[in-house]
Amino acid sequence: MSMTVSEKILANASGEKEVEAGEIVMADIDVAMTHDLTGPLSVESFERIRADRVWDPERIVVIFDHQVPADSIEAARNHMIMRDFVRKQGIGNFYDVREGVCHQVLPEKGHVVPGEVVVGTDSHTCTHGALGAFATGIGSTDMAMVFATGKLWFRVPETLRFEITGSLPEHVYAKDVVLNIIGRVGADGATYMACEFAGETVAEMSVSDRMVLSNMAIEMGGKTGIVEPDEKTIRYVEKRSGKPYRVFKTDKDAASLRVMDIDVSELEPQVSCPHNVDNVKPVSEVEGTEIDQVFLGSCTNGRLSDLRDAAGILKNRKVSDDVRMLVIPASREVYRRALEEGLMEIFVDAGALVCNPCCGPCLGGHVGLLGPGEVSLSTSNRNFRGRQGSPEAEVYLSSAAVAAASAVKGKITHPANIK
Ligand SMILES: CC(C)[C@H](C(=O)O)[C@@H](O)C(=O)O
Ligand code: SF4
């Protein structure tokens, strides 16, 4: 039977020859990730169901990223609960406060390979689909069951495949592509679907750019965001992981497959406007909007290429006196490489604040919150009311290049217009 890549992975994981969209399967979990914010509830539920030992400590990854270093007594207590769990269960894959955002660190450290089923107690776990895995966010209580049994049930999703063609114009990035798609499809337009990103534009993209696409699949309701593995994926994975992998691809005549064609050759930089991610406009329509803060970072756009794009614009320029700019590398590896390349010097000289790798103000729980009436331009993935602090603040979302150009001007600016 013809199947999509997601169906093939779920069939393989549940010991079936074939599965169909809509069917319920019980799948073996390859990687189970939890973090400092949602982990304590999983641990509590695990104890409540009287589970004693986790099914396989090697398949569990625990990472602290949302509130690091601890910014409250409650956060410190959460860290203690998780450190204790890790110790008791003998979990070796543990990243304490220093490593960065889960969705960057897991791929970087080789925890994810093509063909796997990856679950995490975080909605942006879909990011890992960029490596050809079926990756999805689950609830903390579901995770307790995964910890205990190594299995989880899934309804096999239908697939919505975006066939993306055309070369990206200057100043246009993966972020613009995915914002444009979300603007067209709507925040609930792909609910419970496997969003598949394909076509020549995706083939041209680096693995890190593909992660931007997969990362935002959840913002249109997607169950996962997946890219079929190719040589770039294999190269990325072989450099970082010794795990065996399986390459699955979509059969074009799979019954559950819907295809949407997207041509990006004329695309302008895109901005998602308050207070919904699908309120997407070309930058020219919002150019000149005054901003108070720029946040360059997160699991969407805190990677080395984003820091490079921003530094390219900030070099020999200054962040506007009216703007606070926060630069938060997505991981320690990104931080380290940015240091080596001299990018951090550029940010500091421009007047930006560089923080330790973490989620930062992305979900309004840690550093750099907004006050009432303030406006933020952020490279992250959500702009709901109150997302980065005050419910009376406004959050716009963009690429790293638009964020950097706007930081210089103090208002939303097309990167071509900074001279
Ligand atoms: C804290 C966590 C539950 C949450 C998520 O699931 O996505 C966060 O990472 C976010 O981005 O809103
Ligand atoms: S960076 Fe933002 S979106 Fe990503 S995991 Fe952290 S809080 Fe969630």
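Both ligands and their constituent atoms are indexed starting at 1 by order of listing. Every heavy atom of this structure was used, including side-chain atoms; hydrogens, water molecules and symmetry mates were not. If you read the sequence from its start, that first residue is 1, and numbering goes on from there.
Taking the centre and axis of the six-membered ring of Tyr335, the NZ or CZ atom of Arg337 falls outside the cone set by 45° and 6.0 Å. Judged by the 6.0 Å and 45° rule, Arg155 forms a cation-pi pair with Tyr192.
Heavy-atom contacts of His103 reach the following atoms of ligand 2: 5 (S) (cutoff under 4.0 Å). With ligand atoms numbered from 1 in the order given, ligand 2 contributes 5 (S) to contacts under 4.0 Å with heavy atoms of Asp122.
Heavy atoms of Arg387 approach ligand 2 to within less than 4.0 angstrom.
The protein residues lying under 4.0 angstrom from ligand 1, judged by non-hydrogen atoms, are His35, Leu37, Thr38, His66, Asp122, Ser123, His124, Leu363, Arg382, Arg387.
Side-chain atoms of His275 and Asn383 include no donor-acceptor pair closer than 3.5 Å. Under 3.5 Å, the side chains of Arg98 and Ser331 contain no donor-acceptor pair of N or O atoms.
Side-chain contact between Arg77 and Met82 is absent, with no heavy atoms from C-beta onward closer than 4.5 Å.
By the 30° and 60° cut-offs, the orientation of the rings of Phe162 relative to Phe197 is parallel.
Classification of Arg324 and Glu374 as a salt-bridged pair holds, one side-chain N sitting under 4.0 Å from a carboxylate O.
Any protein N/O/S atom under 2.8 Å from atom 2 (Fe) of ligand 2 was counted, giving 1 altogether.
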